[in-house]
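Numbering starts at 1 and runs along the sequence shown.
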Amino acid sequence: MELLRGVKSDVALQIRRMPDFVIQHRDKKDVYFVEIKFRVSETFSVKDLPAGYPYDNAYIILVSKRHIKCITVEELRNGKEITPQCRNYLGSRKEFELDKEVIKDFCDFAVKFF
C-alpha cells in the first residue's frame, strides 16, 4: 500500500479496495477473501462496509477484546450482523476448519493491542 501512496488510477483504487488477505484451505485448496477488522465495540454490520463494496464472497473477521468472530458479506447484506451477543465465532466456521486453541491464543495476543 505504501507504493500506492499518491497514485491516482483505476488500478490503484481497485487494489486499495481489495480484501486484506486471500487465504487457502490447507487440504481442500479452496480460497477465500478475508477482511480483518478490529472493534472495541464488538459490532459490525452492513453499514460498516464501504459504499459499493464489491466482494460479496468475502469473509469479515472481527477481532475484539473478548472474541474473534466471523461473518460473510453476503450474510451482512441479508440482515445479519456481529454483535457482542451473537455467536458468530471464527472457530465455528466450517469453511476454515481452524484449531480453536490457536484462535484463543491469538485472541489473548490481540488483547494486548487494545
Salt bridge (Lys or Arg N to Asp or Glu O under 4.0 Å) partners for Lys104, two or more places apart
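Partners of Lys104 under the salt bridge (Lys or Arg N to Asp or Glu O under 4.0 Å) test: Glu101.
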
Taken in chain and number order and not counting sequence neighbours, the residues that satisfy salt bridge (Lys or Arg N to Asp or Glu O under 4.0 Å) with Lys80 are none

Distance from [X] atom [atom1] to [Y] atom [atom2], nearest 0.5 Å?
| X | Y | atom1 | atom2 | value |
| --- | --- | --- | --- | --- |
| Ile82 | Asn88 | CD1 | CG | 5.5 Å |
| Ile61 | Asp20 | CD1 | CG | 9.5 Å |
| Tyr55 | Glu35 | OH | CD | 9.0 Å |
| Cys70 | Phe44 | SG | CZ | 11.5 Å |
| Thr83 | Arg87 | OG1 | CZ | 11.0 Å |
| Asp99 | Asp105 | CG | CG | 8.5 Å |

Heavy atoms only: give me the nearest [X]-[Y] pair and the separation to one decimal.
| X | Y | answer |
| --- | --- | --- |
| Asn57 | Phe33 | OD1-CD1, 3.7 Å |
| Arg39 | Ser64 | O-CB, 3.2 Å |
| Pro84 | Thr43 | CD-CG2, 3.7 Å |
| His25 | Glu95 | CD2-O, 3.3 Å |

Around atom NZ of Lys37, are there more than 12 heavy atoms of other residues, nucleotides or ligands at under 6.0 Å?
yes

Would you find more than 12 non-hydrogen atoms of other residues, nucleotides or ligands less than 6.0 Å from Asp10 atom CG?
no

Within the side chain of [X], is there an N or O that forms a donor-acceptor pair under 3.5 Å with the backbone of [Y]?
| X | Y | value |
| --- | --- | --- |
| Lys65 | Ser41 | no |
| Gln24 | Lys29 | yes |
| Lys69 | Cys86 | yes |

Set out, in order, the CA-CA distance, both residues' side-chain angles and the distance that settles side chain to side chain contact (heavy atoms under 4.5 Å, CB included) for Leu49 and Val73, then state yes or no.
CA-CA 9 Å; Leu49 291 173; Val73 170; 3.9 Å; yes

Is Glu75 salt-bridged to Arg93, going by a charged N under 4.0 Å from an acidic O?
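The answer is yes: the pair qualifies as a salt bridge.
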
Is it true that Lys28 and Glu97 make a salt bridge, defined as a side-chain N closer than 4.0 Å to a carboxylate O?
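A salt bridge links Lys28 with Glu97.
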
Residues which pass ring-ring contact (aromatic ring centres under 6.0 Å, His included) with Phe21, listed by chain and number, not counting sequence neighbours:
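Partners of Phe21 under the ring-ring contact (aromatic ring centres under 6.0 Å, His included) test: none.
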
Between Val31 and Ile60, is there a shared hydrophobic cluster once you connect ILVMFWY residues whose side-chain heavy atoms come closer than 4.5 Å?
yes

Taking the six-membered ring where the residue is Trp, are the ring centres of His67 and Tyr89 under 6.0 Å apart?
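That pair passes the under 6.0 Å test.
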
Quick one, Tyr32 with Val22, criterion side chain to side chain contact (heavy atoms under 4.5 Å, CB included). Give me CA distance, side-chain angles, the key distance, then yes/no.
CA-CA 5 Å; Tyr32 306 95; Val22 176; over 6 Å; no

